[in-house]
Amino acid sequence: MTQDRVIRVSAVVLRNDAGEVLTVRKKNTARFMLPGGKPDPGETPAETAVRECAEELGAELDPGSLRLIGVFDADAANEPGYRIEGTVYEHPLVEVAGASAEIEETRWLDPGVVPLPGDLAPLLEHHVLPTLAE
């Protein structure tokens, strides 16, 4: 994998009382993924996660409550020929105002449902959900 074909992102797992995971679909895309996104210059992965959740969902995360789940590599969901390096955190549920900025739709996902929906991003489906199940 060449460096210029890698997109670095931060993402956050937010679960409701039923254990479902909040997923989002960006405008003009078909795949659901975790809330999050690309860093601004100089941002740490945790800072990116906090900022992106505020911009995308109106959710105010406490940086001290982020728990690192892992750093994963997967095919990019919406950029053919690219890979994603995703730093993924879990955060206790906070109030989510709703979809804003580039988010078209939100959906709660039961991570134990079989089969999983066919419209999940590879990072979520192949790395994050299996890690959460461990």
Can you name the nearest heavy-atom pair linking [X] to [Y], along with the distance?
X: Ala49; Y: Ser10; value: N-CB, 3.8 Å
X: Gly37; Y: Thr48; value: O-CG2, 3.3 Å
X: Gly36; Y: Lys26; value: O-NZ, 3.6 Å
X: Ala46; Y: Tyr89; value: N-OH, 3.2 Å
X: Ala11; Y: Leu34; value: CB-CB, 3.8 Å
X: Asn78; Y: Pro80; value: O-CD, 3.6 Å

Do [X] and [Y] touch side chain to side chain, with heavy atoms closer than 4.5 Å?
X: Thr106; Y: Leu22; answer: yes
X: Trp108; Y: Thr23; answer: no
X: Glu56; Y: Glu102; answer: yes
X: Val24; Y: Leu57; answer: yes
X: Leu129; Y: Leu120; answer: yes
X: Phe72; Y: Val128; answer: yes
X: Leu123; Y: Met33; answer: no
X: Leu68; Y: Thr87; answer: yes

Separation of [Y] [atom2] from [X] [atom1] (nearest 0.5 Å):
X: Arg5; Y: Tyr82; atom1: CZ; atom2: OH; answer: 4.5 Å
X: Leu116; Y: His126; atom1: CG; atom2: NE2; answer: 9.5 Å
X: Leu93; Y: Leu14; atom1: CG; atom2: CG; answer: 6.0 Å
X: Ile84; Y: Lys38; atom1: CD1; atom2: NZ; answer: 7.5 Å
X: Phe32; Y: Glu104; atom1: CZ; atom2: CD; answer: 9.5 Å
X: Glu52; Y: Ile103; atom1: CD; atom2: CD1; answer: 8.0 Å

Practice problem: Go through the steps to decide whether Glu47 and Arg51 satisfy the test salt bridge (Lys or Arg N to Asp or Glu O under 4.0 Å), and finish with yes or no. | Solution: CA-CA 6 Å; Glu47 290 168 339; Arg51 177 185 52 77; over 6 Å; no

Practice problem: May I ask whether Val12 and Val50 are part of the same hydrophobic cluster, defined by side-chain heavy atoms of I, L, V, M, F, W, Y residues being less than 4.5 angstrom apart, directly or through others? | Solution: yes

Quiz item: Between Val9 and Val13, is there a shared hydrophobic cluster once you connect ILVMFWY residues whose side-chain heavy atoms come closer than 4.5 Å?
Solution: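 Same cluster: Val9 reaches Val13 through Ile, Leu, Val, Met, Phe, Trp or Tyr contacts under 4.5 Å.
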
Hey, are [X] and [Y] close enough for a salt bridge, meaning a charged N less than 4.0 Å from a carboxylate O?
X: Arg25; Y: Glu105; value: yes
X: Arg15; Y: Glu90; value: yes
X: Arg107; Y: Asp119; value: yes

Quiz item: Counting only N and O atoms by type, is there a donor-acceptor contact under 3.5 Å from the side chain of Asn16 to the main-chain atoms of Gly19?
Solution: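 Present.
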
Exercise. Would you check if the side chain of His127 reaches a backbone N or O of Asp73 as a donor-acceptor pair within less than 3.5 Å?
Key: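 Present.
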
Exercise. Just do the side-chain contact (heavy atoms from CB on, under 4.5 Å) check on Leu61 and His91 with the steps written out, would you?
Key: CA-CA 7 Å; Leu61 303 187; His91 189 280; 3.7 Å; yes

Practice problem: Check whether more than 12 heavy atoms from other residues, nucleotides or ligands sit under 6.0 Å from atom CG of Asp62, and answer yes or no. | Solution: yes

